[in-house]
Structures are given as structure tokens and as C-alpha cells.
Amino acid sequence: MRRRKTPAPPAPLPQRHGVDPVRVRLPGDGTWATVREYLVQRLSGAGPGVIEAMLEAGRIVGADGRPVAPDAPYRPGMYVWFHRELPDEVPVPFPLEIVHRDEHLVVVDKPHFLATTPRGSHVAETALARLRRELGIPELTAAHRLDRLTAGLVLFTVRPEERGAYQTLFRDHRVHKEYEAVAPYDPSLPLPVTVRSRIVKERGVQAAREVAGEPNAVTRVELIEHRADGLARYRLVPRTGQTHQLRVHMSALGVPILGDPLYPVVTGPVPADDFRRPLQLLARALEFTDPVTGAERRFTSGRTLRAWSSPAQRAAGQ
């Protein structure tokens, strides 16, 4: 019989700029003499002397909110919290449009270049942190994620006790998603087509790749329309949710999405303040049966892809 995990205690520190404090649990089989020794090893990327300085300044606290002493003995299973130093972030100069808001959900139309949740070098300048600050809902949580470079619909939950029900919808693929993309037109490509492949994404490697084996990624690709300039607009309907799935499958078909810095070839890094050439991929629609209210929900993005709506502007790099 499996033992149920004991939930972590609530964070004793408030959010800062819409960002939760970092929580660390000390391993149950630890042999470190002090909390400091473990944190210095676990958080070695922070740099020499950083953890020691945080402990001396009382910036690392226990479940009771009191600072952890620099010489506090190691206690297996103990939780500690602290606020990370926020990186210098270039503000994403595009609005985050609210499509729907009620007591259960907030659905937004995310712009390109804005990360969904704090991660890596994108922390305060994310959709989640922005919404927590602007709406005054500290409990707000993302039910799923959208790539930073992809625009379109993202669903956030308001009540912590309902969060699991909505996240389970996405985990179990019970949300119908439709995307739109602009890519080259290939008249020899038979469409519609359902692409099935096995995609793996290795930690620390930017691009995902297709490998032999049982398919874990399924996408239906349909042609909406094409133009004389050699571009086409496609409808993409994923049946699964592998990392970069749509981008990998479009590239594999020989029609990579415009503005993609990873597929088919990884290009050099783009400056953080360069917003001229967004990935031409948009999460257009979300449709599902609400697990809390039972209502049938359908949300649609109001955005357009610039390569299609303003081709001259895109060609000029504006």
C-alpha cells in the first residue's frame, strides 16, 4: 500500500512582484551536519558565498517564518523558503489580453515572447506574475503552459482547491486545442494529414528530436489557405502535448513555421530586446467541459499572425 505524501506547509513568505518564494525540502536520508552545508551543495549555482550571506542576513526562513540560523543543524524533511534575486528582465512590450474571467478561471490571450510561468531568466516578466500583480489574485496558477515564443490562449485557475481538476483536464488530453501557423506552402504535400512520431526532449538541449519507437506525439495538420507569395496558413490540432510538438512536426513535413529559431536548424541567440520576428504560431482555441461547473467552454484568441495579416511589415523586419 502506497503512503500518501504529506503536503508541504504553506509558504511563510509573501509573494514578491507576483513571484512565489523558492521552497526547498531537505532530503530524508541526508548526512549533512547543518542546513547551510546542504544548501551550499544543492544551490551551488548561486555562486561562492551567496548562501552564507543569505543565512547571515536572515533571508532563508523555516516553516514558522523565522530565519534559519547559519549553524542550524540539519533536520531531515525540513522545509526552508527564500526569495531568489530577480534577474534583470527586458519588459515584453505587448499587452496581455483577458478573454474571460470568473470566480474559477482567468483565460488570457498571451502575446509572443512572454513566458507563461517563472522559469530560468524569465521570472517577474511572465504572464502569471503579471496577472497576479494586475488582478490582485496571489493564488492564481497556470493550468497548463504555452511556449514563450507562442502566442494565444492560456488558462489560469483562481481557487487552489480547484486547481487539480483543471490541470487534470490538460494532463489527460481532455481539452480540444486548435493552433494556427504560417509556414511555406508546398503544393506536393498531401493535406490534411495526421503526423505520428516519437519525440524526445533532453534536459539542457534546446531542440527536441524525433526518434524511432512507439509514437508519443500526434498532430493533425490542415491547410486553411495559401497565397501567391509562397506562404500558407495552417490549422494544427494536437492530440498529445509533447514539448515543441507542433514545431517539430511542421519541420518534419518540410514546412517549418516562420520565425522558428530551433527548427529545422538552431540559429544564434536573439537579443532580449529584439521583438521583430515572432514565431508564427498561435494557440487559437480551447474547448472543454468544465470539471467544476459542468459548462461547455470554448475560448478563441483574437490575435492574428503578422506574417499573414501584415506581410510587408514582416518583410521589413518591423
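Hydrogens, waters and symmetry mates play no part in the numbers below; they use all other heavy atoms, side chains included. Please read these numbers as outputs of a predicted model, since none were measured by experiment.
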**Student:** When you measure from the side chain of Ser251 to the backbone N and O of Pro256, does any donor-acceptor pair fall under 3.5 Å?
**Tutor:** no

**Student:** Taking Glu202 first and then Arg209, would you say they form a salt bridge - that is, a charged N and a carboxylate O separated by under 4.0 Å?
**Tutor:** yes

**Student:** Does a side chain donor of either His100 or Arg297 reach within less than 3.5 Å of an acceptor in the other side chain?
**Tutor:** yes

**Student:** Are Glu56 and Arg36 within salt-bridge range, i.e. N to O under 4.0 Å?
**Tutor:** no

**Student:** Under a 3.5 Å threshold, yes or no: a donor from one side chain and an acceptor from the other, between Thr116 and Arg145?
**Tutor:** no

**Student:** Does Thr219 form a side-chain contact (heavy atoms from CB on, under 4.5 Å) with Thr194? I'd like the steps, not just the answer.
**Tutor:** CA-CA 6 Å; Thr219 306; Thr194 298; over 6 Å; no

**Student:** Between the side chain of Lys110 and the main-chain N/O of Asp147, is any donor-acceptor distance below 3.5 Å?
**Tutor:** yes

**Student:** Would you say the side-chain atoms of Gln167 and His144 include a donor-acceptor pair closer than 3.5 Å?
**Tutor:** no

**Student:** What verdict does the side-chain contact (heavy atoms from CB on, under 4.5 Å) test give for Phe156 and Val107, after you've listed the backbone C-alpha separation in whole Å, the side-chain angles of each residue and the deciding distance to 0.1 Å?
**Tutor:** CA-CA 6 Å; Phe156 296 84; Val107 182; over 6 Å; no

**Student:** Please lay out, stage by stage, how Gln242 and Lys201 fare under the test side-chain contact (heavy atoms from CB on, under 4.5 Å).
**Tutor:** CA-CA 9 Å; Gln242 296 299 319; Lys201 175 69 168 64; over 6 Å; no

**Student:** Using a distance-only test with no angle check, is there a side-chain donor-acceptor pair under 3.5 angstrom linking Asp109 and Ser301?
**Tutor:** yes

**Student:** With side-chain contact (heavy atoms from CB on, under 4.5 Å) as the test, would you mind laying out the steps for Thr150 and Leu282 before giving the verdict?
**Tutor:** CA-CA 6 Å; Thr150 304; Leu282 173 68; 6.0 Å; no

**Student:** If you define the side chain from C-beta out and look only at heavy atoms, does anything of Val255 sit under 4.5 Å from Tyr234?
**Tutor:** yes

**Student:** Ring pair (Phe, Tyr, Trp, His ring centres under 6.0 Å) between Phe288 and His176: does it pass, once the steps are laid out?
**Tutor:** CA-CA 6 Å; Phe288 57 93; His176 177 76; over 10 Å; no

**Student:** Flag yes if Ile98 and Leu286 sit in one hydrophobic cluster, no otherwise; membership is Ile, Leu, Val, Met, Phe, Trp, Tyr, and two members link when side-chain heavy atoms are under 4.5 Å apart.
**Tutor:** no

**Student:** With a 6.0 Å cut-off on ring centres, are Phe275 and Phe94 close enough?
**Tutor:** yes

**Student:** Does this structure show an ion pair linking Glu180 with Arg233, if we count only N-O contacts that are shorter than 4.0 Å?
**Tutor:** yes

**Student:** Within 45° of the ring axis of Trp32 and under 6.0 Å from its six-membered ring centre, is that where the NZ or CZ of Arg42 lies?
**Tutor:** no

**Student:** Hey, quick one: are Tyr185 and Val221 part of the same hydrophobic cluster, counting side-chain heavy atoms closer than 4.5 Å, chains of contacts allowed?
**Tutor:** yes

**Student:** Under the side chain to side chain donor-acceptor pair (under 3.5 Å) rule, what do Arg284 and Thr300 come out as? Steps first, then yes or no, please.
**Tutor:** CA-CA 6 Å; Arg284 172 64 75 191; Thr300 306; over 6 Å; no

**Student:** Between the side chains of Glu296 and Thr289, does any donor sit under 3.5 Å from an acceptor?
**Tutor:** yes

**Student:** For Arg220, is there an ion pair with Glu222 - N to carboxylate O distance below 4.0 angstrom?
**Tutor:** yes

**Student:** Between Arg132 (side chain) and Leu140 (backbone), is there a donor-acceptor pair under 3.5 Å?
**Tutor:** yes

**Student:** Is a side-chain N or O of Thr267 found less than 3.5 angstrom from the main chain of Pro261, in a donor-acceptor match?
**Tutor:** yes

**Student:** Checking the side chain of Glu125 only, and the main-chain atoms of Val92 only, is there a donor and an acceptor separated by less than 3.5 Å?
**Tutor:** yes

**Student:** Within the 3.5 Å criterion, strictly below it, is a donor on Thr240 or His173 matched to an acceptor on the partner's side chain?
**Tutor:** no

**Student:** State, with a plain yes or no, whether a side-chain heavy atom of Tyr79 is found less than 4.5 Å away from one of Val24.
**Tutor:** no

**Student:** Could you give me the CA-CA distance, side-chain angles and deciding distance for Arg174 and Glu287, then say whether salt bridge (Lys or Arg N to Asp or Glu O under 4.0 Å) is met?
**Tutor:** CA-CA 9 Å; Arg174 289 188 283 129; Glu287 187 172 357; over 6 Å; no

